[in-house]
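This report concerns only the one structure given below.
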Amino acid sequence: MTASVDNSRVWLITGASRGLGRALAEAVLEDGGRVLVTARETDTIAELPRSYPGRAATTALDVTDPAAADAAVDRAIDEFGRLDVVVNNAGYGLLGALEELSDGELRSQFETNLFGTLNVTRAVLPRMRGQRSGHIVQISSLSGVAPNPGESAYAGTKAAVEAISQSLAQEAGHLGIKVTIVEPGPVRTEFAGPSLARANPIEDYSESVGRVRELLGELDGNQPNDPALAARAIIRAVQEDKPPLRLPLGEQAFAGIRQHLQELAEELDRTEPLAAATALAGN
(Lines give C-alpha, C1' and ligand atoms only; values in the text may rest on other atoms or scores of the structure.)
Protein backbone atom coordinates (compact mmCIF):
# COMPACT_ATOMS: atom_id res chain seq x y z
CA MET A 1 0.00 0.00 0.00
CA THR A 2 1.38 3.41 -0.93
CA ALA A 3 1.06 6.48 1.22
CA SER A 4 -0.66 9.58 -0.04
CA VAL A 5 0.34 13.04 1.05
CA ASP A 6 -2.10 15.51 2.57
CA ASN A 7 -1.49 18.28 0.03
CA SER A 8 -2.60 20.97 2.46
CA ARG A 9 0.51 20.34 4.55
CA VAL A 10 3.80 22.11 3.98
CA TRP A 11 7.02 20.22 4.71
CA LEU A 12 10.54 21.42 5.46
CA ILE A 13 13.22 18.75 5.05
CA THR A 14 16.85 19.27 6.03
CA GLY A 15 19.80 17.46 4.51
CA ALA A 16 17.86 16.62 1.36
CA SER A 17 20.66 16.61 -1.19
CA ARG A 18 20.78 12.80 -1.19
CA GLY A 19 19.90 9.69 0.75
CA LEU A 20 16.78 9.40 2.86
CA GLY A 21 16.16 13.16 2.91
CA ARG A 22 16.16 13.33 -0.87
CA ALA A 23 13.94 10.26 -1.17
CA LEU A 24 11.45 11.77 1.27
CA ALA A 25 11.36 15.13 -0.53
CA GLU A 26 10.74 13.41 -3.86
CA ALA A 27 8.03 11.16 -2.41
CA VAL A 28 6.13 14.12 -0.95
CA LEU A 29 6.45 16.07 -4.19
CA GLU A 30 5.46 13.13 -6.39
CA ASP A 31 2.23 12.90 -4.42
CA GLY A 32 1.44 16.57 -4.92
CA GLY A 33 2.74 17.91 -1.62
CA ARG A 34 4.63 21.14 -0.98
CA VAL A 35 8.18 21.13 0.34
CA LEU A 36 10.93 23.54 1.22
CA VAL A 37 13.94 21.40 0.37
CA THR A 38 17.15 22.37 2.10
CA ALA A 39 20.81 21.43 1.81
CA ARG A 40 24.11 23.13 2.50
CA GLU A 41 24.65 23.57 -1.25
CA THR A 42 21.53 24.35 -3.28
CA ASP A 43 23.02 23.18 -6.58
CA THR A 44 22.37 19.61 -5.43
CA ILE A 45 18.62 20.29 -5.20
CA ALA A 46 18.19 23.04 -7.80
CA GLU A 47 16.26 20.87 -10.27
CA LEU A 48 13.38 20.18 -7.87
CA PRO A 49 11.60 23.56 -8.24
CA ARG A 50 11.88 23.17 -12.01
CA SER A 51 10.41 19.67 -11.86
CA TYR A 52 7.68 20.62 -9.38
CA PRO A 53 6.86 24.30 -10.03
CA GLY A 54 4.86 25.98 -7.30
CA ARG A 55 5.28 23.03 -4.95
CA ALA A 56 9.03 22.82 -4.39
CA ALA A 57 11.29 25.59 -3.17
CA THR A 58 14.88 25.42 -2.03
CA THR A 59 17.13 27.27 0.34
CA ALA A 60 20.67 26.79 1.58
CA LEU A 61 20.77 25.64 5.17
CA ASP A 62 23.72 24.81 7.37
CA VAL A 63 21.87 23.49 10.41
CA THR A 64 24.76 24.42 12.71
CA ASP A 65 23.83 28.10 12.17
CA PRO A 66 20.81 29.08 14.32
CA ALA A 67 20.16 32.19 12.24
CA ALA A 68 20.05 30.09 9.09
CA ALA A 69 17.54 27.76 10.74
CA ASP A 70 15.32 30.72 11.61
CA ALA A 71 15.63 32.00 8.04
CA ALA A 72 14.66 28.61 6.58
CA VAL A 73 11.50 28.48 8.68
CA ASP A 74 10.62 32.02 7.58
CA ARG A 75 11.29 31.09 3.95
CA ALA A 76 8.90 28.12 4.11
CA ILE A 77 6.14 30.30 5.51
CA ASP A 78 6.80 33.13 3.04
CA GLU A 79 6.76 30.67 0.14
CA PHE A 80 3.77 28.53 1.10
CA GLY A 81 1.89 30.44 3.79
CA ARG A 82 2.37 27.90 6.56
CA LEU A 83 4.61 25.12 7.84
CA ASP A 84 3.26 21.82 9.13
CA VAL A 85 5.93 19.11 9.04
CA VAL A 86 9.63 19.56 9.77
CA VAL A 87 11.99 16.65 9.14
CA ASN A 88 15.38 16.93 10.81
CA ASN A 89 17.37 14.66 8.53
CA ALA A 90 20.68 16.55 8.20
CA GLY A 91 23.58 14.70 9.75
CA TYR A 92 26.40 12.29 9.09
CA GLY A 93 28.07 9.24 10.59
CA LEU A 94 31.40 9.19 12.40
CA LEU A 95 33.20 5.90 12.97
CA GLY A 96 35.85 5.60 15.63
CA ALA A 97 36.51 4.45 19.17
CA LEU A 98 36.09 7.23 21.70
CA GLU A 99 39.85 7.39 22.27
CA GLU A 100 40.46 7.61 18.52
CA LEU A 101 38.31 10.70 18.06
CA SER A 102 39.84 14.17 18.07
CA ASP A 103 38.21 17.11 19.83
CA GLY A 104 37.36 18.57 16.44
CA GLU A 105 35.73 15.37 15.21
CA LEU A 106 33.65 15.04 18.38
CA ARG A 107 32.51 18.65 18.41
CA SER A 108 31.67 18.68 14.71
CA GLN A 109 29.58 15.53 15.12
CA PHE A 110 27.58 16.99 17.99
CA GLU A 111 27.27 20.42 16.35
CA THR A 112 25.65 18.87 13.27
CA ASN A 113 23.70 15.86 14.49
CA LEU A 114 22.54 17.19 17.85
CA PHE A 115 22.72 20.98 17.95
CA GLY A 116 21.77 21.24 14.28
CA THR A 117 18.62 19.28 15.01
CA LEU A 118 17.93 21.46 18.04
CA ASN A 119 18.49 24.66 16.06
CA VAL A 120 15.82 23.74 13.52
CA THR A 121 13.46 22.35 16.16
CA ARG A 122 13.69 25.46 18.30
CA ALA A 123 13.25 27.69 15.25
CA VAL A 124 9.96 26.04 14.29
CA LEU A 125 8.43 25.59 17.74
CA PRO A 126 7.11 29.17 18.12
CA ARG A 127 5.35 28.89 14.75
CA MET A 128 3.79 25.52 15.54
CA ARG A 129 2.85 26.66 19.02
CA GLY A 130 1.16 29.72 17.56
CA GLN A 131 -0.89 27.71 15.09
CA ARG A 132 -1.53 24.93 17.67
CA SER A 133 -0.47 22.26 15.20
CA GLY A 134 2.57 20.73 13.59
CA HIS A 135 4.68 17.60 13.38
CA ILE A 136 8.41 17.36 14.07
CA VAL A 137 10.10 14.28 12.62
CA GLN A 138 13.55 13.54 14.04
CA ILE A 139 15.71 11.17 12.02
CA SER A 140 17.57 9.12 14.60
CA SER A 141 19.00 5.64 14.04
CA LEU A 142 18.97 2.09 15.33
CA SER A 143 22.35 3.15 16.76
CA GLY A 144 20.59 5.70 18.95
CA VAL A 145 18.96 2.78 20.78
CA ALA A 146 21.43 -0.08 20.37
CA PRO A 147 24.90 1.23 19.40
CA ASN A 148 27.80 -0.78 18.04
CA PRO A 149 31.50 -0.40 18.85
CA GLY A 150 32.94 2.61 17.09
CA GLU A 151 29.69 4.58 17.27
CA SER A 152 30.29 6.33 20.57
CA ALA A 153 30.04 9.82 19.08
CA TYR A 154 27.39 9.12 16.46
CA ALA A 155 25.23 7.06 18.80
CA GLY A 156 25.68 9.68 21.49
CA THR A 157 24.20 12.37 19.25
CA LYS A 158 21.26 10.17 18.29
CA ALA A 159 20.58 9.02 21.85
CA ALA A 160 20.50 12.66 22.92
CA VAL A 161 18.06 13.50 20.12
CA GLU A 162 15.87 10.59 21.24
CA ALA A 163 15.75 11.67 24.90
CA ILE A 164 15.19 15.34 24.09
CA SER A 165 12.47 14.50 21.58
CA GLN A 166 10.66 12.19 24.00
CA SER A 167 10.59 15.01 26.53
CA LEU A 168 9.53 17.50 23.84
CA ALA A 169 6.59 15.27 22.87
CA GLN A 170 5.33 15.50 26.46
CA GLU A 171 6.01 19.23 26.72
CA ALA A 172 4.26 20.23 23.51
CA GLY A 173 1.64 17.56 22.89
CA HIS A 174 -1.14 19.58 24.50
CA LEU A 175 -0.30 22.41 22.09
CA GLY A 176 -1.11 20.22 19.08
CA ILE A 177 2.55 19.54 18.25
CA LYS A 178 3.40 15.94 17.41
CA VAL A 179 6.84 14.35 17.51
CA THR A 180 8.05 11.19 15.77
CA ILE A 181 11.54 9.73 16.22
CA VAL A 182 12.57 7.68 13.17
CA GLU A 183 15.03 4.84 13.85
CA PRO A 184 16.27 3.42 10.54
CA GLY A 185 18.27 0.26 10.20
CA PRO A 186 20.71 0.01 7.26
CA VAL A 187 19.29 1.93 4.29
CA ARG A 188 20.93 1.84 0.87
CA THR A 189 22.43 5.32 0.79
CA GLU A 190 25.97 6.69 0.88
CA PHE A 191 25.90 6.77 4.69
CA ALA A 192 28.29 3.81 5.15
CA GLY A 193 30.50 4.88 2.23
CA PRO A 194 31.52 8.36 1.03
CA SER A 195 29.39 10.14 3.65
CA LEU A 196 30.94 8.32 6.62
CA ALA A 197 33.70 10.17 8.49
CA ARG A 198 36.38 7.95 9.99
CA ALA A 199 38.81 8.56 12.84
CA ASN A 200 42.44 7.47 12.62
CA PRO A 201 42.49 3.91 14.00
CA ILE A 202 44.43 2.68 17.03
CA GLU A 203 45.60 -0.91 16.67
CA ASP A 204 44.43 -1.94 20.14
CA TYR A 205 40.81 -1.42 19.03
CA SER A 206 41.08 -3.72 16.02
CA GLU A 207 39.12 -6.49 17.76
CA SER A 208 36.14 -4.23 18.44
CA VAL A 209 36.00 -1.17 16.23
CA GLY A 210 38.13 -2.78 13.54
CA ARG A 211 35.52 -5.46 13.00
CA VAL A 212 32.82 -2.83 12.61
CA ARG A 213 34.99 -1.01 10.06
CA GLU A 214 35.16 -4.24 8.04
CA LEU A 215 31.42 -4.89 8.35
CA LEU A 216 30.55 -1.38 7.21
CA GLY A 217 32.84 -1.79 4.22
CA GLU A 218 30.96 -4.94 3.26
CA LEU A 219 27.60 -3.28 3.95
CA ASP A 220 28.19 -0.23 1.78
CA GLY A 221 26.06 -0.62 -1.34
CA ASN A 222 24.45 -3.78 0.04
CA GLN A 223 22.14 -2.31 2.66
CA PRO A 224 18.84 -4.20 2.60
CA ASN A 225 16.42 -1.29 2.93
CA ASP A 226 15.12 0.94 0.12
CA PRO A 227 15.17 4.69 0.90
CA ALA A 228 12.05 5.21 -1.24
CA LEU A 229 10.11 2.67 0.82
CA ALA A 230 11.49 4.16 4.03
CA ALA A 231 10.22 7.55 2.86
CA ARG A 232 6.76 6.10 2.27
CA ALA A 233 6.72 4.67 5.80
CA ILE A 234 7.53 8.11 7.23
CA ILE A 235 4.74 9.69 5.19
CA ARG A 236 2.26 7.09 6.42
CA ALA A 237 3.30 7.77 10.02
CA VAL A 238 2.80 11.52 9.58
CA GLN A 239 -0.67 10.90 8.15
CA GLU A 240 -1.77 8.89 11.19
CA ASP A 241 -4.30 10.51 13.50
CA LYS A 242 -2.15 9.31 16.39
CA PRO A 243 1.35 9.04 14.90
CA PRO A 244 3.93 6.91 16.70
CA LEU A 245 6.50 8.51 18.95
CA ARG A 246 9.06 6.04 17.62
CA LEU A 247 9.21 4.58 14.12
CA PRO A 248 11.87 1.89 13.50
CA LEU A 249 12.49 1.29 9.80
CA GLY A 250 13.34 -2.17 8.49
CA GLU A 251 13.40 -5.63 10.01
CA GLN A 252 16.96 -5.09 11.24
CA ALA A 253 15.85 -2.10 13.30
CA PHE A 254 12.95 -4.01 14.87
CA ALA A 255 15.16 -7.01 15.65
CA GLY A 256 17.96 -4.89 17.08
CA ILE A 257 15.65 -2.83 19.29
CA ARG A 258 13.80 -5.93 20.53
CA GLN A 259 17.11 -7.58 21.44
CA HIS A 260 18.24 -4.43 23.25
CA LEU A 261 14.99 -4.24 25.24
CA GLN A 262 15.24 -7.90 26.17
CA GLU A 263 18.82 -7.45 27.38
CA LEU A 264 17.79 -4.34 29.30
CA ALA A 265 14.94 -6.21 31.01
CA GLU A 266 17.29 -9.07 31.93
CA GLU A 267 19.80 -6.62 33.38
CA LEU A 268 17.09 -4.92 35.43
CA ASP A 269 16.11 -8.28 36.90
CA ARG A 270 19.75 -9.09 37.65
CA THR A 271 20.60 -5.77 39.32
CA GLU A 272 17.38 -5.21 41.29
CA PRO A 273 18.47 -7.31 44.33
CA LEU A 274 21.75 -5.36 44.40
CA ALA A 275 20.54 -1.78 44.02
CA ALA A 276 16.77 -1.31 44.38
CA ALA A 277 16.64 -0.98 48.17
CA THR A 278 17.97 2.56 48.54
CA ALA A 279 15.03 4.28 50.27
CA LEU A 280 15.59 6.06 53.56
CA ALA A 281 14.27 4.24 56.61
CA GLY A 282 10.62 5.03 57.23
CA ASN A 283 9.92 5.96 53.60
Is there a donor-acceptor contact under 3.5 Å from the side chain of R132 to the main chain of L175?
-> no
Quick one: does R82's side chain get under 4.5 Å of I77's, heavy atoms only?
-> no
Which one of V85, L61, V35 satisfies the side-chain contact (heavy atoms from CB on, under 4.5 Å) criterion with I13?
-> V35
Would you mind checking if R232 and D31 are paired as a salt bridge, meaning a charged N to carboxylate O distance below 4.0 Å?
-> yes
Working for side chain to side chain contact (heavy atoms under 4.5 Å, CB included), residues L48 and I45 = CA-CA 6 Å; L48 291 174; I45 52 177; 4.3 Å; yes
Test item: side-chain donor near acceptor, E151 and S143, under 3.5 Å | yes
Answer yes or no: is there a side-chain heavy-atom contact under 4.5 Å between L114 and I164?
-> yes
Which heavy-atom pair separates L95 from L216 by the least distance, and what is that distance?
-> CD2-CD1, 3.8 Å
dist Q138:CD -> T117:OG1 (nearest 0.5 Å) comes out at 6.0 Å
CD of E99 to OH of Y205: how many Å apart, nearest 0.5 Å?
-> 3.5 Å
Using a 4.5 Å cut-off on heavy atoms from C-beta on, say whether the side chain of V124 contacts that of L12.
-> no
Lys/Arg-Asp/Glu bridge criterion (N-O < 4.0 Å) met for R127, D74 | yes
Got a sec, which residues hit salt bridge (Lys or Arg N to Asp or Glu O under 4.0 Å) with R211, two or more places apart in sequence or on another chain?
-> E207
side-chain contact (heavy atoms from CB on, under 4.5 Å) partner of V137, chosen from I181, I234, L24 = I234
Below 6.0 angstrom between ring centroids: does that apply to Y154 and F191?
-> yes
Which pair of heavy atoms, one from H260 and one from A146, lies closest together, and at what distance?
-> CB-CB, 4.0 Å
Could you tell me whether F110 atom CZ has more than 12 heavy atoms of other residues or ligands within 6.0 Å of it?
-> yes
Contact summary for I257 and P248, nearest pair of heavy atoms | CD1-CG, 3.8 Å
Side chains of L83 and Q131: does their closest heavy-atom pair fall under 4.5 Å?
-> no
Taking every heavy atom of D84 against every heavy atom of S8, the minimum-distance pair comes out as OD2-O, 3.7 Å
side-chain hydrogen bond (donor to acceptor under 3.5 Å, both in side chains) assessment of Q166 paired with Q170 | CA-CA 7 Å; Q166 183 172 351; Q170 298 173 73; 5.9 Å; no
Quick one: which residue pairs count as a ring-ring contact (aromatic ring centres under 6.0 Å, His included) with a foot in residues 38-60, not counting sequence neighbours?
-> none
Would you say L196 and Y92 make side-chain contact, with heavy atoms under 4.5 Å?
-> no
State whether a side-chain donor-acceptor pair under 3.5 Å links S108 with E105.
-> no
R107 with E111: basic N within carboxylate O range, under 4.0 Å | no
Between V187 and V87, is there a shared hydrophobic cluster once you connect ILVMFWY residues whose side-chain heavy atoms come closer than 4.5 Å?
-> no
Taking atom CZ of R122 as the centre, does the number of heavy atoms from other residues, nucleotides or ligands within less than 6.0 Å exceed 12?
-> no
Specify the closest pair of heavy atoms between N200 and R213, including all atoms of both residues, with the distance to one decimal.
-> C-NH2, 4.5 Å
Is there a chain of hydrophobic side chains (I, L, V, M, F, W, Y, each step under 4.5 Å between heavy atoms) that links L219 to L215?
-> no
Can you tell me which residue pairs pass the salt bridge (Lys or Arg N to Asp or Glu O under 4.0 Å) test with a partner in residues 245-254, sequence neighbours excluded?
-> E162-R246, E183-R246
Which heavy-atom pair separates A237 from P243 by the least distance, and what is that distance?
-> O-CB, 3.2 Å
Among side-chain atoms of E171 and S167, is any donor-acceptor pair under 3.5 angstrom?
-> yes
Give the C-alpha distance, both sets of side-chain angles, the deciding distance and a yes or no for side chain to side chain contact (heavy atoms under 4.5 Å, CB included) between R198 and L94.
-> CA-CA 6 Å; R198 295 170 171 83; L94 173 60; over 6 Å; no
Among the clusters formed by ILVMFWY side chains lying less than 4.5 Å apart, do L229 and F254 turn up in the same one?
-> no
Any donor and acceptor pair, going by atom type alone, linking the side chain of N89 with main-chain N or O of G15 inside 3.5 Å?
-> yes
Could you walk me through whether L125 and R129 pass the side chain to side chain contact (heavy atoms under 4.5 Å, CB included) test, one step at a time?
-> CA-CA 6 Å; L125 279 170; R129 179 165 51 82; 5.8 Å; no
Do T42 and T59 have side chains that get closer than 4.5 Å, going by heavy atoms?
-> no
Hey, what do you get for OG (S141) to CG (N113), rounding to the nearest 0.5 Å?
-> 10.0 Å
Check whether V120 and V161 end up in the same hydrophobic cluster, where Ile, Leu, Val, Met, Phe, Trp and Tyr are linked by side-chain heavy atoms less than 4.5 Å apart.
-> no
Indicate yes or no: at least one non-hydrogen side-chain atom of L20 is less than 4.5 angstrom from one of I139.
-> yes
Measure the spacing between CG of D43 and OG of S17 and express it to the nearest 0.5 Å.
-> 9.5 Å
Between atom OG1 of T58 and atom CD of E41, what is the distance when rounded to the nearest 0.5 Å?
-> 12.0 Å
State, with a plain yes or no, whether a side-chain heavy atom of I177 is found less than 4.5 Å away from one of H135.
-> no
I would like to know whether W11 and I235 meet side chain to side chain contact (heavy atoms under 4.5 Å, CB included); could you show each step before the answer?
-> CA-CA 11 Å; W11 296 57; I235 292 170; 4.1 Å; yes
Taking atom OG1 of T14 and atom CZ of R40, what is their separation to the nearest 0.5 Å?
-> 11.0 Å
For the side chain of E100 and the backbone of A97, is there at least one donor-acceptor N/O pair under 3.5 Å apart?
-> yes
Short side-chain to backbone donor-acceptor contact, D70 and A123, under 3.5 Å | no
